Amino acid sequence: MTGEEKSMITPPPYMFMECLKNHAAAIGGSAKDGCGEFMAGGEEGTLEAFNCAACVCHQNFHRKVKVPQQVRGGAKKRFRTKFTKDQKEKMRRFAHKTGWKIYNAEDAEVRSFCEEIGVSKKVLKVWMHNHKGNNLPTAAA
Ligand SMILES: [Zn+2]
Ligand SMILES: [Zn+2]
């Protein structure tokens, strides 16, 4: 059993949506930063994980919503990222290039790569975590 892998994809009981911090409170106005969803700014268990990667505000400033329980019978699909063959191949190549450590790549490089293939950095990181060690050369497709 690979318990570690499982814990990586277990959804948290709460999600943090748009940022509600009023950045203009000091001058009596109202201005939000427009952040639509909290994204952890660091690894789980670190202090950075509580600061939003997008707007840098603390997690508590973001609207907290309870993640609905899985509905039995398949009315709601469990969230799971599906990758196309093309995406997988690109991620595999990217991972290979960085030695299967996302930290080895420039932040800007990671960002543009993610934009190009349409996955989030977090998803890419998890994918690399789950697939390192499977770094076998693929037969030419
Ligand atoms: Zn935010
Ligand atoms: Zn914010």
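If you're wondering where the values come from, they're calculated on a predicted model, not measured in any experiment. Numbering of ligands and ligand atoms starts at 1, following listing order.
To the nearest 0.5 Å, atoms CD (Glu115) and OG (Ser120) are separated by 12.0 Å. Separation of atoms CE (Met39) and SG (Cys55) is listed at 11.0 Å; rounding is to 0.5 Å. A distance of 6.0 Å separates CD1 in Ile102 from NZ in Lys121, rounded to the nearest 0.5 Å.
Angle SG(Cys35) to the Zn ion (ligand 1) to NE2(His62): 120° [nearest 10 degrees].
At a cut-off of 2.8 Å, His23 does not coordinate the Zn ion (ligand 2) through any N, O or S atom. Inclusion of Cys19 in the first shell of the Zn ion (ligand 1) is not supported: no N, O or S atom falls under 2.8 Å. For the Zn ion (ligand 1), the set of nearby N, O or S atoms under 2.8 Å includes one belonging to Cys55.
Judged by a 6.0 Å distance limit and a 45° cone about the ring axis, Lys88 is not positioned over the six-membered ring of Phe83.
Within Asp33, OD2 is the N, O or S atom that lies nearest to the Zn ion (ligand 2).
Phe38 has its ring centre less than 6.0 Å from the ring centre of His62.
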